[in-house]
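Structure record follows, encoded as structure tokens.
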Amino acid sequence: MMTPSNVKATLSFSDGSPGMELPIYKGTVGPDVIDIRKLYGQTGKFTYDPGFLSTASCNSTITYIDGDKGELLYRGYPIEQLAQHCDFLEVCHLLIYGELPNVEQRDKFVKTITYHTMVNEQMQFFLRGFRRDAHPMAVMTGLVGALSAFYHDSTDVHNAQHREIAAHRLIAKMPTLVAMSYKYGVGQPFIYPKNSLSYTANFMRMMFATPCEEYEANDVVVRALDRIFILHADHEQNASTSTVRLCGSSGTNPFAAIAAGVACLWGPAHGGANEAALTMLEDIQRAGGVEKIGEFIRQVKDKNSSVKLMGFGHRVYKNYDPRAKLMRETCHEVLNALGLHDDPLFKLAMALEKIALEDEYFVARKLYPNVDFYSGIVQRAIGIPVSLFTAIFALARTVGWIAQLNEMIGDPEYKIGRPRQLFAGAAPRAVLPIGER
Ligand code: SDX
């Protein structure tokens with residue numbers, strides 16, 4: 001709920017230029033916002049905020065993060081309670097419709113999603129255009145965008161029913177596409193979805209089954225992966241969600257907008273950090289393991305090196321990312337269930353975390369583990385290859401992207417996003433004939 005505050009912001013200029021009063025709005029919880037929509041019209045000046053450190057891009061009711069307290073709420077529910085009491089499709093229902101489903105709503109939603117899990121048979125030929133060693137995120141960026149080719153004529157983003165079915169299709173088909181990108185890479189036949197399985201058990205089967213024998217996923221692993229999906233489902237206006245909103249604001253179809261989110265998530269500063277974090281741990285392990293942590297930390301603190309502690313730090317969390325705590329617990333559960341409790345990488349990660357959290361460099365900068373620090377260890381233990389980690393993140397984040405996109409498109413006041421700039425380039429000048437340049 002956005003309510004006008006009785007406090008106003010007063011803008012004045014030291015050169016006597018005409019100032020103005022700016023309205024302030026309050027949300028349900030969290031920082032107030034100063035409404036600058038009339039600033040340029042009344043002062044001829046822009047605000048300047050590269051990286052959007054102090055900018056609220058929208059008014060949303062979906063996810064709230066308190067970075068100082070390390071809190072994350074989906075539609076008001078704490079992530080810890082959702083991870084404990086719900087499964088991923090219940091959370092998808094919550095993010096899309098605003099409420100957790102009752103039994104009847106849950107069963108109807110599960111049935112709808114289940115019956116959208118197959119992709120058009122032509123999709124397999126699209127995959128064949130890639131090299132077998134293509135990075136799964138390159139494949140996923142292509143596959144998700146390619147969904148537009150099958151549905152763009154039935155997805156009028158300004159039609160609420162079309163937006164709803166596009167949401168169902170994307171939530172349902174992402175696991176199938178991720179599994180297909182994996183199977184294509186390992187040279188195994190694609191496994192079709194099986195409607196009698198749960199969403200996450202179905203994904204595990206499409207990933208790891210072969211036509212040669214029956215496949216039964218480990219229940220502890222399925223529950224853990226389902227929780228990993230919940231932890232990654234949405235996260236306010238992060239880079240990929242902001243990309244989806246800006247892309248979708250042009251009125252393009254949802255599949256194209258979500259494909260833009262996939263592309264953005266791939267970056268190592270964002271969703272690509274889980275792959276980078278595991279590669280970092282493997283490098284330290286290869287170099288000597290726990291004894292080499294001190295040397296690695298020195299490299300990280302050396303401004304001349306570009307080495308970062310991947311999986312640490314966050315633009316919003318200046319406390320422990322609540323998802324990292326839940327991911328560490330999931331690590332314990334999965335490693336124990338698989339008899340890998342002595343996993344050297346998990347021990348190395350915990351040792352690295354302990355040392356970093358006691359080091360002034362990290363303490364002073366409020367750098368804590370984020371969702372990506374432990375997620376790679378769990379996924380590796382499950383048998384998911386490192387190169388697929390970010391595709392799994394994209395699978396889970398798709399529901400958040402869609403919920404945010406639909407919230408924007410469903411707002412009658414929304415406009416196409418079009419930021420301005422501070423121009424610091426060449427002043428106007430005349431073109432000289434080439435002989436005089
Ligand atoms: C995700 O936004 C979201 O919500 C994202 C996400 C989601 O769910 O959508 O939570 C998912 O992307 C999590 C973040 C994953 N990325 C990483 O783990 C990559 C490593 N982290 C950093 O690249 C960094 O912490 C960011 C990008 C996450 C945040 O960077 P900021 O907010 O722009 O902060 P900054 O780069 O200005 O860093 C402030 C200081 C700098 O030092 P000084 O110049 O002040 O001396 O902290 C240092 C940075 O050098 N720093 C790190 C560090 N992260 C920041 N130093 C070492 N290792 C790190 N990981």
Side-chain angles (χ1 to χ4, degrees), residues 30 49-57 60 62-68 70-74 79 83 91 95 137 228-245 261-281 284 293 296-327 349 352-353 355-357 359-377 389-390 392-401 403-404:
D49 188 15
F52 310 119
L53 286 98
S54 298
T55 294
S57 61
S60 180
I62 299 172
T63 293
Y64 175 69
I65 302 170
D66 185 320
D68 294 329
E71 287 176 358
L72 167 58
L73 309 175
Y74 293 163
I79 191 69
V91 171
L95 290 169
M137 284 301 278
I228 288 173
F229 291 167
I230 291 173
L231 297 181
H232 288 83
D234 193 48
H235 213 238
E236 199 210 70
Q237 305 312 317
N238 58 83
S240 54
T241 298
S242 299
T243 300
V244 170
R245 279 180 172 258
V262 174
C264 175
L265 186 74
W266 192 3
H270 191 12
N274 55 17
E275 178 179 348
L278 196 96
T279 303
M280 170 191 74
L281 290 170
I284 297 171
I293 289 179
F296 176 75
I297 294 286
R298 271 191 296 280
Q299 285 178 42
V300 169
K301 291 155 65 172
D302 174 3
K303 282 300 165 197
N304 299 319
S305 89
S306 59
V307 175
K308 283 195 181 290
L309 179 46
M310 299 311 281
F312 258 68
H314 199 277
R315 173 63 58 77
V316 178
Y317 289 123
K318 301 309 173 189
N319 197 327
Y320 214 103
D321 181 337
R323 302 168 299 177
K325 277 183 193 151
L326 292 163
M327 197 66 78
L352 186 51
E353 174 191 345
I355 291 169
L357 294 183
D359 186 299
E360 181 49 29
Y361 177 92
F362 296 91
V363 172
R365 292 165 177 80
K366 298 185 178 181
L367 301 177
Y368 292 87
N370 59 51
V371 68
D372 293 313
F373 189 62
Y374 287 104
S375 71
I377 298 167
F389 289 176
T390 310
I392 300 276
F393 193 151
L395 183 167
R397 184 53 57 89
T398 291
V399 61
W401 289 331
Q404 299 273 353

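All ligand and atom numbering here is 1-based and tracks the order in the structure.
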For atom 45 (O) of ligand 1, the closest protein heavy atom turns out to be Arg365 NE, 3.9 Å

For Gly313, the ligand 1 atoms with a heavy-atom partner under 4.0 Å come out as 25 (O), 28 (C)

Going by distance only, is there an N or O of Phe362 that falls short of 3.5 Å from an N or O of ligand 1?
no

Closest to atom 52 (C) of ligand 1 (heavy atoms only, candidates Val371, Leu367, Val300) is Leu367

Within-cut-off N or O pair, Val307 and ligand 1, under 3.5 Å: no

min-distance protein heavy atom vs atom 19 (C) of ligand 1 -> Met310 CE, 3.6 Å

For atom 26 (C) of ligand 1, state whether the nearest protein heavy atom is under 4.0 Å away.
-> no

Query - Heteroatom distance test (Phe312, ligand 1): nitrogen or oxygen, under 3.5 angstrom - result: yes

Atom 1 (C) of ligand 1: of Asn370, Asp372, Thr241, the nearest heavy atom sits on Asp372

Logged contact type for Ala239 with ligand 1, heavy-atom cut-off 4.0 Å, is neither

Just so I know, are the side chains of Phe229 and Ile392 near enough to count as touching, which here means a heavy-atom distance under 4.5 Å? yes

Between Arg365 (side chain) and Tyr361 (backbone), is there a donor-acceptor pair under 3.5 Å?
yes

| message | Test your reading of the structure: does Asp321 have an N or O sitting under 3.5 Å from an N or O of ligand 1? | response | no

Within the distance-only criterion (no hydrogens, no angle test), does the side chain of Arg315 pair as donor or acceptor with the backbone N or O of Gly51 below 3.5 angstrom?
yes

Taking only non-hydrogen atoms of Gly311 and a 4.0 Å limit, the atoms of ligand 1 in range are 17 (C), 18 (O)

In this structure, atom 17 (C) of ligand 1 is nearest to the protein heavy atom Ala273 CB, 3.4 Å

| query | Are any of the protein's heavy atoms under 4.0 angstrom from atom 38 (O) of ligand 1, yes or no? | reply | no

Look at the side chain of Tyr374 and the backbone N and O of Pro369, then say whether any donor-acceptor pair between them is shorter than 3.5 Å. no

With a sphere of 6.0 Å drawn around NZ of Lys366, does it hold more than 12 non-hydrogen atoms of other residues, nucleotides or ligands?
no

Under 4.0 Å from one or more heavy atoms of Ala269, ligand 1 contributes atoms 12 (O), 14 (C), 15 (C), 16 (N), 27 (C)

among protein heavy atoms, the one nearest atom 9 (O) of ligand 1 is Arg397 NH1, 2.9 Å

Note to self: Within the structure, is a non-hydrogen atom of Ala277 found at a distance of less than 4.0 Å from ligand 1?
What the structure shows: no

* Heavy atoms of the protein only: does one fall short of 4.0 Å from atom 34 (O) of ligand 1? -> no

Output for pair (Ile79 CD1, Glu71 CD), nearest 0.5 Å, gives 12.5 Å

Distance col, row Arg245:CZ vs Ser60:OG, nearest 0.5 angstrom, shows 5.0 Å

inquiry  = For Tyr320 and Tyr368, take the angle between the two ring planes, folded into 0 to 90°, and tell me which bin it lands in: parallel under 30, tilted 30 to 60, perpendicular over 60.
reply    = tilted

Discussion item. Classify the ring geometry of Phe312 against Phe362: parallel below 30°, tilted from 30° to 60°, perpendicular beyond 60°.
Written reply: perpendicular

Any nitrogen or oxygen of Lys303, main chain or side chain, under 3.5 Å from a nitrogen or oxygen of ligand 1?
yes

**pair Leu265-Thr390: side-chain heavy atoms closer than 4.5 Å** = yes

Distance col, row Leu352:CG vs Leu357:CG, nearest 0.5 angstrom, shows 9.0 Å

for atom 11 (C) of ligand 1, nearest protein heavy atom and its distance come out as His270 ND1, 3.8 Å

Between Asp321 and Val371 (side chain of the first, backbone of the second, donor and acceptor by atom type, cut-off under 3.5 Å), is there such a pair? yes

Closest heavy-atom approach to atom 2 (O) of ligand 1 among Thr63, Leu309, Asn238 is made by Asn238

Judged by heavy atoms only, the candidate from Met280, Lys301, Arg323, His314 nearest atom 5 (C) of ligand 1 is His314

Near Arg315 (heavy-atom distance under 4.0 Å), the atoms of ligand 1 are 29 (C), 31 (P), 32 (O), 33 (O)

Give a yes or no on whether the backbone of Ser375 and the side-chain of Asn274 come within a donor-acceptor separation of less than 3.5 Å. no

Note to self: Can a donor-acceptor pair be found, under 3.5 Å and without considering hydrogens, that links the side chain of Ser242 to the backbone of Gln237?
What the structure shows: yes

Are any of the side-chain heavy atoms of Lys301 and Glu360 separated by less than 4.5 Å? no

For atom 30 (O) of ligand 1, decide whether some protein heavy-atom distance is shorter than 4.0 Å.
no

The closest protein heavy-atom partner of atom 23 (O) of ligand 1 is Lys308 CD, 3.6 Å

Atom 4 (O) of ligand 1: closest protein heavy atom, distance to 0.1 Å, is His235 ND1, 2.6 Å

Less than 4.0 Å is my threshold; does some heavy atom of Tyr361 fall inside it relative to ligand 1?
yes

Hey, does the side chain of Thr63 reach the backbone of His235 with a donor-acceptor pair shorter than 3.5 angstrom? no

TODO: Would you verify that at least one protein heavy atom lies under 4.0 Å from atom 47 (O) of ligand 1, or report that none does?
DONE: yes

